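The structure under discussion appears below in the form of structure tokens.
All values reported here derive from a predicted model rather than from experimental measurement.
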Amino acid sequence: MGESYVAFVVELVFRGDETDRLSFGEAHRTYWKRMAARGILLGGGPWRDGTGELLVCEARDRGTLLRVLYADPYAQAQVVGELRVREWNAVMGHVVLAGLERSTGGAGTHERIRGGVATPAPPAARVVAVREDAAVREELTAHERRIATMMLDGLTNKQIAESFTVSTRAVELHITRIYRKLDIRRRAQLAAAIDRFEAALAC
């Protein structure tokens with residue numbers, strides 16, 4: 001069985017003094033860029049009044065996410081005065097265009113929200129590649145699956161990179177791994193490959 005993932009909304013409320021925020025700001029942003037590359041950070045940014053930040057994250061469970069949050073340079077430097085974490089279901093609005101998923105309850109399963117309509121999808125860690133020349137299955141990570149979804153939606157590598165706040169090169173490396181796992185060589189083959197894997201899972 002693959003692991004299930006849960007989406008969370010996180011609010012960081014800053015302490016009043018801006019000095020530490022300025023000192024640790026670059027380290028904080030670099031840290032969350034790494035979390036985006038790992039598929040943990042789905043999106044986020046600061047409040048316009050500068051009093052805090054909102055982050056949308058995905059993790060196996062609350063404890064795993066809390067460990068990530070406490071390792072943030074802002075948390076280490078006690079820049080964060082209050083931390084609010086809540087589980088979140090993405091069911092409407094523009095977030096669905098990015099292929100975000102929502103937890104569907106106690107079973108830990110997920111649904112992919114496409115075009116405003118929820119359609120069944122495998123858990124994040126169970127989208128697998130089935131090579132024609134082998135019986136083994138190699139998993140796509142949750143982050144690789146999101147990138148594959150965005151590619152199917154027609155986004156360029158640059159647009160995908162901007163949505164995750166990472167470099168185009170980082171996206172290209174992920175795509176290379178996706179192609180290797182799916183045993184394909186170009187973007188035009190991706191849709192058929194995904195359909196083949198989902199059909200295999202349904203068997």
Side-chain angles (χ1 to χ4, degrees), residues 1-14 28-48 52-72 74-75 80 82-128 139-153 155 159-166 170-171 174-175 177-178 194 197-198 201:
M1 295 291 292
E3 295 175 318
S4 61
Y5 289 77
V6 181
F8 295 89
V9 172
V10 178
E11 184 179 2
L12 308 178
V13 181
F14 298 147
H28 169 74
R29 288 186 292 272
T30 299
Y31 176 79
W32 283 106
K33 285 181 180 179
R34 292 203 307 272
M35 296 305 103
R38 290 173 53 187
I40 296 172
L41 176 66
L42 304 182
W47 299 121
R48 292 192 67 179
E53 288 185 354
L54 182 72
L55 307 173
V56 179
C57 300
E58 186 178 62
R60 289 192 299 271
D61 52 49
R62 186 184 183 91
T64 300
L65 179 62
L66 287 175
R67 287 192 292 273
V68 171
L69 293 170
Y70 292 148
D72 179 355
Y74 270 3
V80 178
E82 186 176 355
L83 181 65
R84 302 167 184 164
V85 180
R86 301 187 70 176
E87 291 188 23
W88 181 56
N89 288 339
V91 297
M92 58 185 135
H94 293 290
V95 294
V96 302
L97 299 178
L100 299 185
E101 299 138 351
R102 63 180 176 87
S103 169
T104 57
T109 56
H110 286 71
E111 293 179 350
R112 180 182 297 126
I113 312 301
R114 299 296 298 277
V117 179
T119 56
R126 292 190 61 203
V127 175
V128 297
E139 297 176 350
L140 290 182
T141 67
H143 192 56
E144 287 167 348
R145 184 155 66 89
R146 282 193 292 273
I147 290 176
T149 299
M150 297 171 82
M151 293 170 67
L152 291 174
D153 287 340
L155 275 69
Q159 289 170 326
I160 295 172
E162 290 174 349
S163 71
F164 288 118
T165 320
V166 299
V171 171
H174 279 293
I175 291 174
R177 286 194 289 271
I178 290 169
I194 293 296
F197 305 141
E198 292 184 347
L201 285 172

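Residues forming a ring pair (Phe, Tyr, Trp, His ring centres under 6.0 Å) with Y74 (at least two apart in sequence, or on another chain): F14, H28. When the salt bridge (Lys or Arg N to Asp or Glu O under 4.0 Å) test is applied to E11, the partners found at least two apart in sequence or on another chain are R84. R177 meets the salt bridge (Lys or Arg N to Asp or Glu O under 4.0 Å) test with E144; sequence neighbours excluded. Remark: A75 engages D72 in a side-chain contact (heavy atoms from CB on, under 4.5 Å) (not counting sequence neighbours). With sequence neighbours left out, the side-chain hydrogen bond (donor to acceptor under 3.5 Å, both in side chains) criterion links Q159 to T156. Partners of T165 by side-chain contact (heavy atoms from CB on, under 4.5 Å), not counting sequence neighbours, listed by chain and number: K33. For R29, the side-chain hydrogen bond (donor to acceptor under 3.5 Å, both in side chains) test picks out E26, with sequence neighbours left out.
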| request: Start with the C-alpha gap between F164 and H174, add the side-chain angles, then the distance that decides, and say whether side chain to side chain contact (heavy atoms under 4.5 Å, CB included) holds. | output: CA-CA 12 Å; F164 288 118; H174 279 293; over 6 Å; no
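To the nearest 0.5 angstrom, F8 atom CZ is 9.5 Å from E58 atom CD. Note: W32 CH2 to L69 CG = 4.5 Å, rounded to the nearest 0.5 Å. With values rounded to the nearest 0.5 angstrom, I160 atom CD1 is found 6.5 Å from I147 atom CD1. Taking CE of M151 as the reference point, atom CD1 of I178 lies at 6.0 Å (rounded to 0.5 Å).
Of all heavy-atom pairs between V6 and R60, the closest is CG2-O, 4.0 Å.
None of D61, L83, V10 except one satisfies the side chain to side chain contact (heavy atoms under 4.5 Å, CB included) rule with L66; the exception is L83.
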Output a table of donor-acceptor pairs, distance under 3.5 Å, between side-chain atoms of residues 36-48 and any protein atom two or more places apart or on a different chain; print 'none' if there are none.
none

